[in-house]
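All remarks here apply to the structure that follows.
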Amino acid sequence: MNNISDNNICRVAVDAMGGDFAPENNVLGAIEALSSAKNLEVYLVGRQEEITNVLKKHGKSFPEDKIIDAPQVIDMHDSPVQAMKTKKDSSLMVGAKMVKDGKADALISAGNTGAMMAISTFVIGRIKGVSRPTIGTPLPTETGVPCHVFDAGASVDCKPAHLLEYAFLANTYLEEMYKIKNPKIGLLSVGEEETKGNELTFAAFKLLKDTNLNFVGNVEGRDVLKGSVDIVVCDGFTGNILLKFAESVLNLLKSKLRRYADQGILNKLGVLAAKGTLKNALSDMDYQKTGGVPLLGIDGISIIGHGSSSVDAVANMILQGRNMHFNNLIQIFKQKLEAYEQSK
């Protein structure tokens with residue numbers, strides 16, 4: 001990446017047309033982020049007329065030179081590869097080129113996840129030494145410290161060497177962004193013993209064991225929410241199932257509370273009395289506070305949000321990109337990967 005950024009400013013390109021509530025939530029999220037952070041520039045990339053209409057509707061202003069017209073839209077049903085070929089003037093493609101050309105430091109989108117991953121990989125490009133970028137997601141634990149799962153769905157089919165890369169990227173990410181020194185890394189398997197698993201986990205275990213990472217061995221599904229480790233490494237097929245299952249837990253709790261409240265007035269009063277406490281206790285299960293998941297291994301900051309991202313979620317994605325930029329994360333990835341290659 002040709003990075004010509006002023007280190008005192010972070011420039012974030014927002015895919016204004018991505019997500020279920022585009023462009024409204026993206027426009028308002030950008031304004032919210034700008035109001036809460038310094039040293040931040042935001043570019044709204046998308047259909048200029050639609051962006052302007054949102055601003056007029058809400059009586060908001062936004063610098064005209066920061067609205068980048070991109071007439072095409074990649075929707076949720078588009079094939080990522082086909083969209084790259086036929087929609088070169090889409091908000092996602094234009095935003096990715098801004099990062100590639102050093103005109104922006106980060107790209108965020110709540111749109112088509114597959115397209116965001118493909119465009120980030122092939123337009124922005126990968127960091128040297130990374131063969132397969134990965135996305136990770138934090139899951140709440142009994143300890144109060146999140147457990148990060150890598151890969152959470154960037155690649156459904158993985159080789160052992162890819163899991164090793166995920167571990168290195170995740171390790172650096174947690175050390176730099178969460179200030180967790182020497183995070184514990186576990187390999188997701190069907191048993192804790194080294195002899196348990198499949199061909200992928202057997203081979204990956206050997207690779208991870210031979211590194212200087214804090215690899216503690218195999219972990220089981222129950223260990224994720226226990227908080228036994230800081231990082232869980234697995235293939236994207238398994239990781240995405242784990243993520244979607246975890247996301248459903250909060251809805252299950254809400255549903256059970258509603259049914260309990262419907263059984264009588266005393267039950268309803270009890271639920272209402274505990275509502276505030278429950279909301280606070282379960283706040284770390286709210287994806288809107290996290291913002292989005294970073295695509296690690298890309299030669300630039302790329303953050304993927306939930307399709308139904310709220311205004312707050314979009315704002316938090318932008319601030320997340322800002323924090324990654326000011327932590328100099330991409331350069332640190334490059335330095336550590338280069339040092340590892342030289343140590344072989």
Flag yes if more than 12 heavy atoms outside D210 fall under 6.0 Å of its CG atom; otherwise flag no. yes
Indicate yes or no for a side-chain donor-acceptor contact from H58 to the backbone of E24 under 3.5 Å, with no hydrogens or angles considered. no
Would K196 and E220 pass as an ion pair if we require N to O under 4.0 Å? no
One pair to check against ring pair (Phe, Tyr, Trp, His ring centres under 6.0 Å): F333 and Y173. What are the steps and the verdict? CA-CA 8 Å; F333 277 142; Y173 179 68; 7.4 Å; no
With a 4.5 Å heavy-atom cut-off, do L40 and I318 have their side chains touching? yes
Tell me whether E64 at atom CD has more than 12 heavy atoms from other residues, nucleotides or ligands lying less than 6.0 Å away. no
Considering non-hydrogen atoms only, spot the tightest contact between C234 and V149 and give its length. SG-CG1, 3.9 Å
Drop me the distance from L213's CG to K184's NZ, to the nearest 0.5 angstrom. 15.0 Å
T134-E165 side chain donor-acceptor pair, cut-off 3.5 Å: no
Would you confirm whether T172, through its side chain, and L169, through its main-chain N or O, come within 3.5 Å as a donor-acceptor pair? no
Side chains of V224 and V219 in contact at under 4.5 Å (non-hydrogen atoms): no
If you look at every heavy atom in I74 and A115, which pair is closest and at what distance? CG2-CB, 3.8 Å
Pairwise side-chain contact, M317 with V12, heavy-atom cut-off 4.5 Å (strictly under): no
Should the pair K336-E175 be classified as a salt bridge under the 4.0 Å nitrogen-to-oxygen rule? yes
Is the NZ atom of K87 crowded by more than 12 outside heavy atoms at less than 6.0 Å? yes
T211 OG1 to I185 CD1 distance, which is reported to the nearest 0.5 Å: 7.0 Å
Taking the side chain as every heavy atom from C-beta outward, state whether V145 and Y178 have any pair of such atoms under 4.5 Å apart. no
Can you give me the closest heavy-atom contact between A96 and V123, atom names plus distance? CB-CG1, 3.8 Å
What closest approach, in Å, do R47 and M17 show between heavy atoms, and which atom pair accounts for it? N-SD, 3.4 Å
Has D78 got a side-chain atom pairing as donor or acceptor with A83's backbone, closer than 3.5 angstrom? no
For Q72, does its backbone N or O pair with a side-chain atom of D89 as donor and acceptor, under 3.5 Å? no
With a 4.0 Å cut-off on N to O distance, would you call K100 and D299 a salt bridge? no
Does K209 form a side chain to side chain contact (heavy atoms under 4.5 Å, CB included) with E194? I'd like the steps, not just the answer. CA-CA 11 Å; K209 192 177 180 180; E194 188 174 344; 3.6 Å; yes
More than 12 non-hydrogen atoms from neighbouring residues, nucleotides or ligands closer than 6.0 Å to NZ on K179, yes or no? yes
Quick test of your reading of the model: are E338 and K128 salt-bridged, counting only N-O distances below 4.0 Å? no
To check you understand the geometry: which heavy-atom pair defines the closest contact between G46 and S91, and what is its length? CA-CB, 4.0 Å
Please check this pair: side chain of N112 against backbone of G114, looking for a donor-acceptor N/O pair closer than 3.5 Å. yes
Going by heavy atoms in the side chains, are F21 and S309 under 4.5 Å from each other? no
State whether the side chain of S310 and the backbone N or O of A313 hold a donor-acceptor pair below 3.5 Å, judged by distance alone. yes
Looking only at heavy atoms, which two atoms of G221 and L188 are closest? And how far apart? N-CD1, 3.8 Å
Do NZ/NE/NH1/NH2 and the carboxylate oxygens of D105 and R11 come within less than 4.0 Å? yes
How about I51 and N53: do any of their side-chain heavy atoms sit closer than 4.5 Å? no
Close side-chain approach of L163 and F150, heavy atoms under 4.5 Å: no
Is the NZ atom of K159 crowded by more than 12 outside heavy atoms at less than 6.0 Å? no
